[in-house]
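Predicted, not measured: the structure shown is a model, and the values here were computed from it. Counting begins at 1 with the first residue of the sequence.
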Amino acid sequence: MRSIINILRTEGRPRGFGAIDIIRNIGPGLLVTVGFIDPGNWASNFAAGSDYGYALLWVVTLSTVMLIALQHNVAHLGIVTGLCLSEAAERYAPRWVSRPILATAFVASISTSLAEILGAAIALQMLLGVPIVWGALLSAAAVAVLLFTNSYKRVERMIITFVSMIGLSFIYELFLVKINWPAAVHGWVVPSVEQGSLLIVMSVLGAVVMPHNLYLHSELVQSRQINRTGRGAIERALKYELFDTLFSMIVGWAINSAMILLAATTFHAAHQSVSDLSQAQALLTPLLGGNAAGIFALALLLAGISSTITSGMAAGCIFSGMFGEQYHPRDAHSVTGIVLSLGLAVVCIMLVGDPFKGLLYSQMLLSVQLPFTMFLQVGLTSSRRVMGRYANSLPNKCFLYALAAVVTVLNLWLLADTLM
(Lines give C-alpha, C1' and ligand atoms only; values in the text may rest on other atoms or scores of the structure.)
Protein backbone atom coordinates (compact mmCIF):
# COMPACT_ATOMS: atom_id res chain seq x y z
CA MET A 1 0.00 0.00 0.00
CA ARG A 2 1.09 3.55 -0.62
CA SER A 3 2.67 5.22 2.36
CA ILE A 4 1.18 8.31 3.94
CA ILE A 5 4.64 9.82 3.52
CA ASN A 6 3.98 9.97 -0.22
CA ILE A 7 1.13 12.39 0.46
CA LEU A 8 3.36 14.83 2.31
CA ARG A 9 6.38 14.46 0.05
CA THR A 10 7.21 17.71 -1.72
CA GLU A 11 9.71 16.43 -4.28
CA GLY A 12 8.00 16.20 -7.64
CA ARG A 13 4.57 16.83 -6.25
CA PRO A 14 1.93 18.22 -8.63
CA ARG A 15 1.29 21.95 -8.62
CA GLY A 16 -1.35 23.02 -6.13
CA PHE A 17 -1.14 19.94 -3.96
CA GLY A 18 -1.71 21.80 -0.73
CA ALA A 19 -4.07 22.11 2.20
CA ILE A 20 -6.82 23.83 0.21
CA ASP A 21 -6.74 21.13 -2.45
CA ILE A 22 -6.88 18.40 0.17
CA ILE A 23 -9.90 20.01 1.85
CA ARG A 24 -11.66 20.35 -1.49
CA ASN A 25 -11.14 16.65 -2.21
CA ILE A 26 -12.25 15.36 1.18
CA GLY A 27 -15.79 14.03 1.04
CA PRO A 28 -16.25 10.41 -0.04
CA GLY A 29 -14.37 9.10 3.00
CA LEU A 30 -16.37 11.20 5.45
CA LEU A 31 -19.60 10.22 3.72
CA VAL A 32 -18.65 6.58 4.19
CA THR A 33 -17.64 7.25 7.81
CA VAL A 34 -21.24 8.02 8.75
CA GLY A 35 -22.09 4.46 7.68
CA PHE A 36 -20.17 3.07 10.64
CA ILE A 37 -21.25 5.70 13.16
CA ASP A 38 -24.88 4.63 13.06
CA PRO A 39 -27.52 3.16 15.40
CA GLY A 40 -26.15 -0.34 14.73
CA ASN A 41 -22.73 0.79 15.90
CA TRP A 42 -24.25 2.49 18.92
CA ALA A 43 -25.98 -0.72 19.98
CA SER A 44 -22.89 -2.89 19.35
CA ASN A 45 -20.50 -0.50 21.09
CA PHE A 46 -22.76 0.05 24.10
CA ALA A 47 -23.24 -3.72 24.47
CA ALA A 48 -19.48 -4.30 24.17
CA GLY A 49 -18.59 -1.67 26.74
CA SER A 50 -21.37 -2.44 29.23
CA ASP A 51 -20.91 -6.23 29.15
CA TYR A 52 -17.13 -6.55 28.74
CA GLY A 53 -15.62 -3.23 29.78
CA TYR A 54 -12.45 -2.36 27.87
CA ALA A 55 -11.82 -5.95 26.72
CA LEU A 56 -13.31 -5.61 23.23
CA LEU A 57 -11.68 -2.33 22.22
CA TRP A 58 -9.28 -4.37 20.08
CA VAL A 59 -12.18 -5.18 17.73
CA VAL A 60 -12.52 -1.48 16.89
CA THR A 61 -8.77 -1.26 16.25
CA LEU A 62 -8.72 -4.37 14.06
CA SER A 63 -11.86 -3.28 12.24
CA THR A 64 -10.45 0.18 11.54
CA VAL A 65 -7.16 -1.21 10.18
CA MET A 66 -9.17 -3.54 7.95
CA LEU A 67 -11.44 -0.70 6.92
CA ILE A 68 -8.59 1.61 5.93
CA ALA A 69 -7.02 -1.11 3.78
CA LEU A 70 -10.29 -2.14 2.16
CA GLN A 71 -11.71 1.35 1.58
CA HIS A 72 -8.40 2.56 0.15
CA ASN A 73 -8.27 -0.48 -2.10
CA VAL A 74 -11.84 -0.18 -3.37
CA ALA A 75 -11.42 3.56 -3.96
CA HIS A 76 -8.50 2.70 -6.26
CA LEU A 77 -10.89 0.55 -8.25
CA GLY A 78 -13.26 3.49 -8.73
CA ILE A 79 -10.52 5.97 -9.57
CA VAL A 80 -8.63 3.77 -12.04
CA THR A 81 -11.52 2.05 -13.83
CA GLY A 82 -14.35 4.57 -13.52
CA LEU A 83 -16.51 1.70 -12.26
CA CYS A 84 -17.99 1.01 -8.85
CA LEU A 85 -17.42 -2.40 -7.27
CA SER A 86 -20.80 -3.67 -8.42
CA GLU A 87 -20.27 -2.55 -12.03
CA ALA A 88 -16.76 -4.01 -12.10
CA ALA A 89 -18.01 -7.34 -10.75
CA GLU A 90 -20.71 -7.46 -13.41
CA ARG A 91 -18.25 -6.62 -16.18
CA TYR A 92 -15.19 -8.67 -15.22
CA ALA A 93 -16.24 -11.51 -12.90
CA PRO A 94 -18.01 -14.67 -14.11
CA ARG A 95 -21.78 -14.33 -13.78
CA TRP A 96 -21.98 -17.37 -11.48
CA VAL A 97 -19.59 -15.59 -9.10
CA SER A 98 -20.76 -11.99 -9.32
CA ARG A 99 -24.53 -12.43 -9.18
CA PRO A 100 -24.74 -14.45 -5.91
CA ILE A 101 -22.25 -12.12 -4.19
CA LEU A 102 -24.02 -8.97 -5.36
CA ALA A 103 -27.38 -10.46 -4.34
CA THR A 104 -26.10 -11.16 -0.82
CA ALA A 105 -24.53 -7.69 -0.70
CA PHE A 106 -27.92 -6.23 -1.54
CA VAL A 107 -29.47 -8.28 1.29
CA ALA A 108 -26.74 -6.85 3.55
CA SER A 109 -27.77 -3.34 2.50
CA ILE A 110 -31.34 -4.18 3.59
CA SER A 111 -29.97 -5.38 6.94
CA THR A 112 -28.08 -2.10 7.25
CA SER A 113 -31.14 -0.03 6.37
CA LEU A 114 -33.10 -2.00 8.97
CA ALA A 115 -30.65 -0.97 11.69
CA GLU A 116 -30.52 2.66 10.59
CA ILE A 117 -34.30 3.10 10.21
CA LEU A 118 -34.90 1.24 13.46
CA GLY A 119 -32.50 3.57 15.25
CA ALA A 120 -34.30 6.63 13.89
CA ALA A 121 -37.66 5.10 14.89
CA ILE A 122 -36.40 4.48 18.43
CA ALA A 123 -35.30 8.12 18.56
CA LEU A 124 -38.74 9.35 17.43
CA GLN A 125 -40.31 7.18 20.12
CA MET A 126 -38.00 8.73 22.73
CA LEU A 127 -38.63 12.28 21.50
CA LEU A 128 -42.32 12.26 20.57
CA GLY A 129 -43.76 8.94 21.74
CA VAL A 130 -44.24 7.80 18.13
CA PRO A 131 -44.74 3.99 17.86
CA ILE A 132 -41.77 2.14 16.34
CA VAL A 133 -43.60 1.11 13.16
CA TRP A 134 -44.86 4.62 12.42
CA GLY A 135 -41.45 6.05 13.23
CA ALA A 136 -39.87 3.60 10.77
CA LEU A 137 -42.31 4.61 8.04
CA LEU A 138 -41.69 8.33 8.65
CA SER A 139 -37.92 7.85 8.70
CA ALA A 140 -37.89 5.81 5.49
CA ALA A 141 -40.08 8.39 3.75
CA ALA A 142 -37.80 11.25 4.86
CA VAL A 143 -34.73 9.42 3.56
CA ALA A 144 -36.42 8.69 0.22
CA VAL A 145 -37.17 12.40 -0.22
CA LEU A 146 -33.58 13.36 0.61
CA LEU A 147 -32.16 10.75 -1.76
CA PHE A 148 -34.36 11.64 -4.69
CA THR A 149 -33.95 15.43 -4.41
CA ASN A 150 -30.31 16.05 -3.37
CA SER A 151 -27.07 16.07 -5.32
CA TYR A 152 -23.96 14.27 -4.02
CA LYS A 153 -22.39 17.49 -2.78
CA ARG A 154 -25.45 18.62 -0.83
CA VAL A 155 -25.78 15.19 0.76
CA GLU A 156 -22.07 15.11 1.61
CA ARG A 157 -22.16 18.46 3.41
CA MET A 158 -25.28 17.54 5.36
CA ILE A 159 -23.93 14.18 6.48
CA ILE A 160 -20.51 15.53 7.47
CA THR A 161 -22.33 18.04 9.69
CA PHE A 162 -24.34 15.22 11.26
CA VAL A 163 -21.20 13.18 11.96
CA SER A 164 -19.54 16.15 13.62
CA MET A 165 -22.53 16.76 15.90
CA ILE A 166 -22.78 13.12 16.91
CA GLY A 167 -19.12 12.35 17.42
CA LEU A 168 -17.74 15.40 19.18
CA SER A 169 -20.03 15.01 22.20
CA PHE A 170 -18.82 11.46 22.85
CA ILE A 171 -15.15 12.32 22.38
CA TYR A 172 -15.42 15.42 24.57
CA GLU A 173 -16.96 13.42 27.39
CA LEU A 174 -13.80 11.34 27.69
CA PHE A 175 -12.34 14.37 29.51
CA LEU A 176 -15.25 14.44 31.97
CA VAL A 177 -15.22 10.84 33.19
CA LYS A 178 -12.55 8.73 34.86
CA ILE A 179 -11.12 6.31 32.26
CA ASN A 180 -8.70 3.57 33.26
CA TRP A 181 -6.29 4.41 30.45
CA PRO A 182 -3.79 1.55 31.02
CA ALA A 183 -6.66 -0.94 30.79
CA ALA A 184 -8.01 0.86 27.74
CA VAL A 185 -4.65 0.74 25.93
CA HIS A 186 -4.38 -2.95 26.76
CA GLY A 187 -7.87 -3.50 25.38
CA TRP A 188 -7.02 -1.64 22.15
CA VAL A 189 -3.94 -3.73 21.31
CA VAL A 190 -4.40 -7.15 22.96
CA PRO A 191 -7.10 -9.36 21.38
CA SER A 192 -9.23 -11.43 23.73
CA VAL A 193 -12.58 -13.14 23.21
CA GLU A 194 -14.40 -13.27 26.52
CA GLN A 195 -16.78 -16.14 27.15
CA GLY A 196 -20.09 -15.44 25.43
CA SER A 197 -18.75 -12.35 23.64
CA LEU A 198 -18.39 -13.73 20.10
CA LEU A 199 -21.77 -12.37 18.95
CA ILE A 200 -20.81 -8.91 20.18
CA VAL A 201 -17.35 -9.23 18.56
CA MET A 202 -18.94 -10.01 15.21
CA SER A 203 -21.55 -7.29 15.67
CA VAL A 204 -18.86 -4.66 16.28
CA LEU A 205 -16.84 -5.97 13.32
CA GLY A 206 -19.87 -5.95 11.04
CA ALA A 207 -20.90 -2.50 12.26
CA VAL A 208 -17.50 -1.02 11.33
CA VAL A 209 -16.46 -2.97 8.21
CA MET A 210 -19.82 -2.83 6.47
CA PRO A 211 -20.09 -4.47 3.01
CA HIS A 212 -22.33 -1.78 1.57
CA ASN A 213 -19.75 0.89 2.37
CA LEU A 214 -17.25 -0.77 0.04
CA TYR A 215 -19.72 -0.49 -2.83
CA LEU A 216 -20.65 3.05 -1.82
CA HIS A 217 -17.07 4.32 -1.57
CA SER A 218 -16.16 3.03 -5.02
CA GLU A 219 -19.35 4.62 -6.39
CA LEU A 220 -18.66 8.02 -4.83
CA VAL A 221 -15.11 8.03 -6.20
CA GLN A 222 -15.92 6.73 -9.68
CA SER A 223 -18.75 9.26 -10.09
CA ARG A 224 -16.03 11.90 -10.53
CA GLN A 225 -14.79 10.05 -13.66
CA ILE A 226 -11.14 10.81 -12.86
CA ASN A 227 -9.98 7.96 -15.11
CA ARG A 228 -11.04 9.97 -18.17
CA THR A 229 -8.66 12.85 -17.45
CA GLY A 230 -5.34 11.05 -17.84
CA ARG A 231 -2.64 9.32 -15.82
CA GLY A 232 -1.53 12.47 -14.00
CA ALA A 233 -5.02 13.08 -12.66
CA ILE A 234 -5.26 9.45 -11.54
CA GLU A 235 -1.97 9.66 -9.62
CA ARG A 236 -3.08 12.91 -8.01
CA ALA A 237 -6.47 11.49 -7.05
CA LEU A 238 -4.88 8.40 -5.47
CA LYS A 239 -2.85 10.63 -3.14
CA TYR A 240 -5.84 12.74 -2.14
CA GLU A 241 -7.93 9.61 -1.63
CA LEU A 242 -5.46 8.08 0.82
CA PHE A 243 -5.53 11.21 2.97
CA ASP A 244 -9.34 11.29 2.81
CA THR A 245 -9.59 7.62 3.81
CA LEU A 246 -7.04 7.81 6.64
CA PHE A 247 -8.51 10.98 8.12
CA SER A 248 -12.10 9.73 7.90
CA MET A 249 -11.46 6.25 9.27
CA ILE A 250 -9.39 7.57 12.20
CA VAL A 251 -12.29 9.88 13.07
CA GLY A 252 -14.55 6.82 13.01
CA TRP A 253 -12.13 4.86 15.20
CA ALA A 254 -12.04 7.66 17.78
CA ILE A 255 -15.84 7.96 17.96
CA ASN A 256 -16.46 4.20 18.19
CA SER A 257 -13.75 3.83 20.81
CA ALA A 258 -15.24 6.70 22.80
CA MET A 259 -18.62 4.94 22.87
CA ILE A 260 -17.10 1.74 24.28
CA LEU A 261 -14.99 3.66 26.80
CA LEU A 262 -17.99 5.63 28.06
CA ALA A 263 -20.17 2.51 28.24
CA ALA A 264 -17.43 0.69 30.16
CA THR A 265 -17.08 3.56 32.62
CA THR A 266 -20.79 4.22 33.05
CA PHE A 267 -22.42 0.77 32.85
CA HIS A 268 -19.78 -1.95 33.25
CA ALA A 269 -18.38 -0.33 36.36
CA ALA A 270 -21.91 -0.44 37.83
CA HIS A 271 -22.45 -4.06 36.66
CA GLN A 272 -25.30 -2.92 34.43
CA SER A 273 -25.88 -4.35 30.96
CA VAL A 274 -27.37 -2.19 28.17
CA SER A 275 -30.41 -3.82 26.60
CA ASP A 276 -32.13 -0.70 25.28
CA LEU A 277 -30.70 2.30 23.45
CA SER A 278 -32.68 4.64 25.67
CA GLN A 279 -30.45 3.55 28.58
CA ALA A 280 -27.44 5.00 26.81
CA GLN A 281 -28.66 8.56 27.32
CA ALA A 282 -26.88 8.24 30.67
CA LEU A 283 -23.61 8.52 28.76
CA LEU A 284 -24.32 12.19 28.00
CA THR A 285 -25.46 13.12 31.52
CA PRO A 286 -21.99 14.28 32.74
CA LEU A 287 -21.90 16.78 29.88
CA LEU A 288 -25.54 17.75 29.40
CA GLY A 289 -27.24 17.04 32.71
CA GLY A 290 -31.05 17.04 32.50
CA ASN A 291 -30.94 17.73 28.76
CA ALA A 292 -29.10 14.47 28.06
CA ALA A 293 -32.18 12.43 27.12
CA GLY A 294 -33.46 14.86 24.51
CA ILE A 295 -30.07 15.56 22.94
CA PHE A 296 -29.18 11.86 22.89
CA ALA A 297 -32.45 11.07 21.11
CA LEU A 298 -31.87 13.90 18.62
CA ALA A 299 -28.34 12.65 17.90
CA LEU A 300 -29.68 9.13 17.44
CA LEU A 301 -32.30 10.45 15.01
CA LEU A 302 -29.66 12.32 12.99
CA ALA A 303 -27.42 9.24 12.97
CA GLY A 304 -30.30 7.05 11.81
CA ILE A 305 -31.42 9.39 9.03
CA SER A 306 -27.93 10.19 7.75
CA SER A 307 -26.71 6.59 7.77
CA THR A 308 -29.92 5.41 6.08
CA ILE A 309 -29.08 7.82 3.27
CA THR A 310 -25.74 6.07 2.77
CA SER A 311 -27.25 2.58 2.95
CA GLY A 312 -29.95 3.61 0.47
CA MET A 313 -27.36 5.01 -1.91
CA ALA A 314 -25.34 1.81 -1.59
CA ALA A 315 -28.41 -0.31 -2.32
CA GLY A 316 -29.09 1.74 -5.45
CA CYS A 317 -25.45 1.42 -6.47
CA ILE A 318 -25.38 -2.37 -5.99
CA PHE A 319 -28.67 -2.93 -7.80
CA SER A 320 -27.88 -0.66 -10.77
CA GLY A 321 -24.39 -2.15 -11.03
CA MET A 322 -25.93 -5.58 -11.56
CA PHE A 323 -27.32 -4.15 -14.81
CA GLY A 324 -24.02 -2.51 -15.75
CA GLU A 325 -25.27 0.99 -14.92
CA GLN A 326 -23.98 3.80 -12.71
CA TYR A 327 -25.96 4.96 -9.72
CA HIS A 328 -28.27 7.91 -10.30
CA PRO A 329 -31.26 8.85 -8.10
CA ARG A 330 -33.49 9.09 -11.17
CA ASP A 331 -32.27 5.92 -12.91
CA ALA A 332 -34.94 3.19 -12.84
CA HIS A 333 -32.63 0.48 -11.49
CA SER A 334 -31.12 2.78 -8.86
CA VAL A 335 -34.60 3.85 -7.74
CA THR A 336 -35.69 0.21 -7.58
CA GLY A 337 -32.69 -0.67 -5.41
CA ILE A 338 -33.35 2.21 -3.01
CA VAL A 339 -37.08 1.50 -2.71
CA LEU A 340 -36.54 -2.24 -2.20
CA SER A 341 -33.87 -1.66 0.45
CA LEU A 342 -35.91 0.86 2.44
CA GLY A 343 -39.24 -0.92 1.93
CA LEU A 344 -38.05 -4.40 2.90
CA ALA A 345 -36.21 -2.95 5.89
CA VAL A 346 -39.46 -1.41 7.16
CA VAL A 347 -41.28 -4.73 6.64
CA CYS A 348 -38.61 -6.53 8.68
CA ILE A 349 -38.89 -3.91 11.44
CA MET A 350 -42.59 -4.74 11.73
CA LEU A 351 -41.56 -8.31 12.56
CA VAL A 352 -38.82 -7.44 15.07
CA GLY A 353 -39.80 -8.26 18.65
CA ASP A 354 -36.81 -6.76 20.49
CA PRO A 355 -35.45 -3.61 18.75
CA PHE A 356 -32.09 -3.70 20.57
CA LYS A 357 -31.45 -7.34 19.63
CA GLY A 358 -32.61 -6.53 16.12
CA LEU A 359 -29.83 -3.95 15.91
CA LEU A 360 -27.20 -6.41 17.15
CA TYR A 361 -28.22 -9.26 14.85
CA SER A 362 -28.44 -6.96 11.82
CA GLN A 363 -24.81 -5.98 12.35
CA MET A 364 -23.75 -9.59 12.85
CA LEU A 365 -25.33 -10.48 9.49
CA LEU A 366 -23.11 -7.88 7.83
CA SER A 367 -20.01 -9.70 9.06
CA VAL A 368 -21.37 -12.94 7.57
CA GLN A 369 -21.60 -11.39 4.08
CA LEU A 370 -18.36 -9.42 4.37
CA PRO A 371 -15.84 -12.16 3.33
CA PHE A 372 -17.66 -12.73 0.04
CA THR A 373 -17.39 -9.05 -0.88
CA MET A 374 -13.78 -8.92 0.29
CA PHE A 375 -12.66 -11.88 -1.85
CA LEU A 376 -14.51 -10.43 -4.86
CA GLN A 377 -12.95 -7.00 -4.37
CA VAL A 378 -9.39 -8.24 -3.90
CA GLY A 379 -9.72 -10.50 -6.91
CA LEU A 380 -10.75 -7.54 -9.07
CA THR A 381 -8.16 -5.08 -7.75
CA SER A 382 -5.41 -7.69 -8.14
CA SER A 383 -6.25 -8.28 -11.81
CA ARG A 384 -4.13 -6.51 -14.42
CA ARG A 385 -7.00 -6.95 -16.87
CA VAL A 386 -9.10 -4.73 -14.59
CA MET A 387 -6.55 -2.38 -13.00
CA GLY A 388 -3.63 -2.38 -15.44
CA ARG A 389 -0.45 -0.98 -13.88
CA TYR A 390 -2.41 -0.12 -10.71
CA ALA A 391 -3.18 -3.75 -9.83
CA ASN A 392 -2.34 -4.80 -6.25
CA SER A 393 1.28 -5.66 -5.62
CA LEU A 394 1.96 -9.18 -4.34
CA PRO A 395 2.49 -8.08 -0.68
CA ASN A 396 -0.67 -5.96 -0.76
CA LYS A 397 -2.62 -8.78 -2.38
CA CYS A 398 -1.47 -11.25 0.28
CA PHE A 399 -2.32 -8.78 3.07
CA LEU A 400 -5.83 -8.18 1.76
CA TYR A 401 -6.51 -11.87 1.27
CA ALA A 402 -5.24 -12.47 4.82
CA LEU A 403 -7.80 -9.96 6.13
CA ALA A 404 -10.54 -11.79 4.24
CA ALA A 405 -9.33 -15.07 5.74
CA VAL A 406 -9.45 -13.60 9.28
CA VAL A 407 -13.09 -12.56 8.83
CA THR A 408 -13.92 -15.97 7.37
CA VAL A 409 -12.38 -17.77 10.35
CA LEU A 410 -14.30 -15.53 12.78
CA ASN A 411 -17.54 -16.30 10.93
CA LEU A 412 -16.89 -20.04 11.04
CA TRP A 413 -16.09 -19.71 14.75
CA LEU A 414 -19.39 -17.90 15.31
CA LEU A 415 -21.24 -20.61 13.38
CA ALA A 416 -19.62 -23.37 15.41
CA ASP A 417 -20.29 -21.50 18.66
CA THR A 418 -23.96 -21.05 17.68
CA LEU A 419 -24.46 -24.70 16.82
CA MET A 420 -22.87 -26.01 20.02
First locate atom CG of Leu261, then atom CG of Asn45, and finally report the distance between them rounded to the nearest 0.5 Å. 10.0 Å
When you measure from the side chain of Thr310 to the backbone of Ser307, do you find a donor-acceptor pair of N or O atoms at a distance under 3.5 Å? yes
Any Met126 side-chain heavy atom under 4.5 Å of Leu301 side chain: no
Check Glu90 against Gly321 and note the closest heavy-atom contact, atom names and distance. CB-O, 3.4 Å
Is the closest side-chain heavy-atom distance between Thr61 and Leu57 below 4.5 Å? no
Set of residues satisfying ring-ring contact (aromatic ring centres under 6.0 Å, His included) with respect to Trp188, sequence neighbours excluded: Trp253
Is it true that Ser113 and Ser341 share a donor-acceptor pair across their side chains at a distance under 3.5 Å? yes
Give a yes or no answer on whether the side chain of His268 reaches the backbone of Ser50 with a donor-acceptor pair at less than 3.5 Å. yes
Side-chain (Asn73) to main-chain (Thr381) donor-acceptor, under 3.5 angstrom: no
Gly82 versus Gln326, closest heavy-atom pair with distance: O-NE2, 4.2 Å
So do Val339 and Phe319 actually touch side chain to side chain, heavy atoms under 4.5 Å? no
Over all heavy atoms of both residues, which pair between Ser192 and Ala55 is shortest? Give the atoms and the distance, please. OG-O, 3.6 Å
Rounded to the nearest 0.5 Å, what separates atom OG in Ser203 from atom CG in Leu366? 9.0 Å
Validation row: Ile305, Ser139 side chains within 4.5 angstrom (heavy atoms): yes
Is there a side-chain contact between Pro329 and Val335, using heavy atoms and a 4.5 Å cut-off? no
Does a side-chain heavy-atom distance below 4.5 Å link Leu85 with Thr373? yes
List the steps and the verdict of side chain to side chain donor-acceptor pair (under 3.5 Å) for Asp51 and Ser273. CA-CA 6 Å; Asp51 290 349; Ser273 178; 2.6 Å; yes
Is there side-chain contact between Val189 and Trp58, with at least one heavy-atom pair below 4.5 Å? no
Please check if the number of heavy atoms outside Arg91 that lie under 6.0 Å from its CZ is greater than 12. no
Check step by step if side chain to side chain contact (heavy atoms under 4.5 Å, CB included) holds for Asn411 and Ser367. CA-CA 7 Å; Asn411 275 311; Ser367 72; 3.6 Å; yes
Would you indicate whether the side-chain heavy atoms of Tyr54 and Thr265 approach each other to under 4.5 Å? yes
Sequence-distant partners of Val107, side-chain contact (heavy atoms from CB on, under 4.5 Å), two or more places apart: none
How far apart are the closest heavy atoms of Ala136 and Val346, and which atoms are they? O-CG2, 4.0 Å
Working to the nearest 0.5 Å, report the span between CD1 of Ile338 and OG1 of Thr308. 12.5 Å
Under the side chain to side chain contact (heavy atoms under 4.5 Å, CB included) rule, what do Leu77 and Tyr390 come out as? Steps first, then yes or no, please. CA-CA 9 Å; Leu77 176 70; Tyr390 298 102; over 6 Å; no
Are the side chain of Glu87 and the backbone N or O of Met322 linked by a donor-acceptor pair below 3.5 Å? no
Could you walk me through whether Leu340 and Phe106 pass the side chain to side chain contact (heavy atoms under 4.5 Å, CB included) check? CA-CA 10 Å; Leu340 282 175; Phe106 187 76; 3.8 Å; yes
Is there a donor-acceptor pair closer than 3.5 Å between any side-chain N or O of Ser257 and the backbone N or O of Ala254? no
Only one of Val97, Ile101, Leu380, Thr408 passes side-chain contact (heavy atoms from CB on, under 4.5 Å) with Phe375; say which it is. Thr408
Determine, stepwise, if the pair Arg385 / Tyr92 fulfils side chain to side chain contact (heavy atoms under 4.5 Å, CB included). CA-CA 9 Å; Arg385 184 167 72 98; Tyr92 293 108; 3.5 Å; yes
Here the pair of heavy atoms bringing Ser334 nearest to Tyr327 is OG-CA, 3.4 Å
Partners passing side-chain contact (heavy atoms from CB on, under 4.5 Å) against Met66 (at least two apart in sequence or in another chain): Leu62, Leu205, Val209, Met374, Leu403, Val407
Just verifying a value: how many Å separate Leu137 CG and Leu124 CG, rounded to the nearest 0.5 Å? 11.0 Å
Taking every heavy atom of His212 against every heavy atom of Ser311, the minimum-distance pair comes out as CD2-CA, 3.7 Å
